[in-house]
Asker: 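The structure that follows is given in the form of structure tokens.
In listed order, ligands and their atoms are each counted from 1.
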Amino acid sequence: MGTLDRCHSIADLRRVALRRLPWPMREFLEGGSDDEWTLANNRAAFNRYSLVPRSLCDVTAIDTSVHVLGQRLAWPVMLAPTGMTRMYHGGGEVAVARAAANTDTVYALSTYSSQSIEQVREVNSGPRIFQLFSNPGWEIALGLVERAAAADYSALCYTVDTTAAPNKERDYRTGVAGSRAVPRSLLSILRRPRWVAGLARGGPMTLANLGIKPTEVEKYQWREATRMSWDKLAQLRARWRGPLLVKGILSVEDARRAVDEGVDGIVISNHGGRQMDCVPAPIDLVEEFAAALQGRADIIVDSGFRRGSDVLKALALGASAVMVGRAYLYGLAAGGEAGVVRAITLLREEIVRDMRLMGLNRLSDIDAGFVRREV
Ligand code: FNR
């Protein structure tokens, strides 16, 4: 039995991942901003909800498919955009995109990916999302949008919660922020030759879509990031023909306005606790957003999802789909492409089992009657 087969949950994959990763990468992956209140609350929030099963149901015909952004998806979990994925395993975004393609899972590629829009296209012909940061500059961002369209990405996802560099104190300690050489970090890297060899195979780490080193991005990105506007969203809407998502919205007024601007979906997200601290857990906002939007746009939610039951809670509260970030990165760090497949398989098996235990054949049948807010 291999290591991955001995992992029976995302938590198990996380334990293996954290062992395999050098200290700075571990801290970068795990960390949140400021006091990490949001990071902790993202997980704690799920405990505020319980699921209410129905009994005496024939559950022989399980169907996990959902309709999102005008498409039928095999299941409601998508892989969230995460930058510089080669940091966790040499296979990087290409390994994740392959795992996604082989499991009928939608993958969202980050602007700050370590492998390019086109490289990912080569290994994944299924529905794919391109996540856009306008931080590198508006003209550059528009160029990326054109490349994503040329490479046949089905949806564009504009991330709007990055108007300042986050205060991630773990990264100051390890030297990841500021590019300072920290002896403990170097030692930890040297002690993991397998990780180093994996990274070395793909050559130096770059932000592949921009053709620059990760350290170079610091020079300009946060100045441009402060220039976000509703007009830019409108420009994207005018240029992008396919479904447009806006990610990082936490205010219901903003969600309404974004829908008025013509977006097709809102990703309720606090960036996994990595941007502003002390903001709500997205799961706590789903119900309010669903009531406000009345089906005018799809609601996708992320931050803190680690279990199939978390996904069912979100769907019962009114979400159309869920994104996971760290959950698949743990799989990647634990075992490359096969590790991502393992993470996806575990989440999917949990959803199927939980649907049976909940008396649900179809995810489209789930509603507020299946969830209860604990006080
Ligand atoms: C992210 N996230 C992110 N979001 C985005 O829009 N563009 C990006 O490049 C990144 N990069 C990134 C790196 C890492 C290491 C993490 C963990 C996260 C946020 C991501 O898309 C998603 O919102 C969170 O990961 C969701 O929280 P969980 O699932 O990690 O708890």
Asker: For ligand 1, which atoms sit closer than 4.0 Å to a heavy atom of Thr159?
Answerer: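 Near Thr159, meaning under 4.0 Å from one of its heavy atoms, ligand 1 has 5 (C), 6 (O).
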Asker: With heavy atoms under 4.0 Å as the rule, classify the contact between His271 and ligand 1 as side chain, backbone, both or neither.
Answerer: both
Asker: Are the aromatic ring centres of Phe133 and Tyr158 under 6.0 angstrom apart?
Answerer: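 Ring centres of Tyr158 and Phe133 not closer than 6.0 Å.
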Asker: Which of the atoms in ligand 1, numbered in the order shown and given with their element, are less than 4.0 Å from a heavy-atom of Gly304?
Answerer: 27 (O), 28 (P), 29 (O), 31 (O)
Asker: Should the proximity of Thr82 to ligand 1, defined as any heavy atom under 4.0 Å, be assigned to the side chain, the backbone, both, or neither?
Answerer: both
Asker: Salt bridge or not for Glu350 and Arg307, using N-O below 4.0 Å?
Answerer: yes
Asker: Take the angle between the ring planes of Tyr153 and Phe130 and call it parallel below 30°, perpendicular above 60°, tilted in between.
Answerer: perpendicular
Asker: Check this for me - ligand 1, Pro81, N or O atoms closer than 3.5 angstrom, yes or no?
Answerer: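 Pro81 vs ligand 1: N/O contact under 3.5 Å present.
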Asker: Between Arg257 and Glu261 (salt bridge meaning N to carboxylate O under 4.0 Å), is one present in this structure?
Answerer: yes
Asker: So, does Asp367 use its side chain to make a donor-acceptor pair with the main chain of Ala316 at under 3.5 Å?
Answerer: no
Asker: Looking at Asp302, which atoms of ligand 1 are within less than 4.0 Å of one of its heavy atoms?
Answerer: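 It comes down to these atoms of ligand 1: 22 (C), 23 (O), 26 (C).
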Asker: What verdict does the side chain to side chain contact (heavy atoms under 4.5 Å, CB included) test give for Ser110 and Thr82, after you've listed the backbone C-alpha separation in whole Å, the side-chain angles of each residue and the deciding distance to 0.1 Å?
Answerer: CA-CA 6 Å; Ser110 165; Thr82 58; 5.9 Å; no
Asker: Using a 4.0 Å heavy-atom cut-off, say whether Tyr158 meets ligand 1 through its side chain, its backbone, both or neither.
Answerer: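 The answer is neither.
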Asker: Does any N or O atom in Gly83 lie less than 3.5 angstrom from one in ligand 1, N or O only?
Answerer: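 Such a contact does occur with ligand 1.
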Asker: Around Arg6, counting heavy atoms of other residues, nucleotides and ligands shown, do more than 12 lie under 6.0 Å from its CZ?
Answerer: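 Result for CZ/Arg6: enclosed.
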Asker: What residue and atom, counting heavy atoms only, is the protein's closest point to atom 17 (C) of ligand 1, and at what distance?
Answerer: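 Result for atom 17 (C) of ligand 1: Arg274 NH1, 3.5 Å.
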Asker: So which heavy atom in the protein is nearest atom 9 (O) of ligand 1, and how far is it from that ligand atom?
Answerer: Ser110 OG, 2.7 Å
Asker: Does an N or O from Gly325, backbone or side chain, lie closer than 3.5 Å to an N or O of ligand 1?
Answerer: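 Yes, at least one N or O pair falls under 3.5 Å.
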Asker: Looking only at protein heavy atoms, which one is nearest to atom 24 (C) of ligand 1, and what is the separation?
Answerer: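 Going by distance alone, atom 24 (C) of ligand 1 is nearest to Gly272 N, 3.7 Å.
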Asker: Any idea which atoms of ligand 1 are less than 4.0 Å away from a heavy-atom of Lys247?
Answerer: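 Ligand 1 atoms under the 4.0 Å threshold to Lys247: 4 (N), 5 (C), 6 (O), 19 (C), 20 (C), 21 (O), 22 (C), 23 (O).
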Asker: Would you kindly specify which portion of Arg306 sits under 4.0 Å from ligand 1, judged on non-hydrogen atoms: side chain, backbone, both or neither?
Answerer: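 Near ligand 1, Arg306 shows its side chain, while the N, CA, C and O stay back.
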Asker: Taking atom CZ as the centre, does Arg239 end up with more than 12 heavy-atom neighbours from other residues, nucleotides or ligands that are less than 6.0 angstrom away?
Answerer: no
Asker: Go through ligand 1 atom by atom and flag the ones less than 4.0 Å from a non-hydrogen atom of Ser269.
Answerer: 23 (O)
Asker: Cut-off 3.5 Å, side chains only: do Tyr49 and Glu287 have a donor facing an acceptor?
Answerer: no
Asker: Which of the atoms of ligand 1 are close to Tyr88, meaning less than 4.0 Å from one of its heavy atoms?
Answerer: 15 (C)
Asker: Considering only NZ, NE, NH1 and NH2 on the basic side and carboxylate oxygens on the acidic side, decide whether Arg373 and Asp284 come within less than 4.0 Å.
Answerer: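 Yes, this pair counts.
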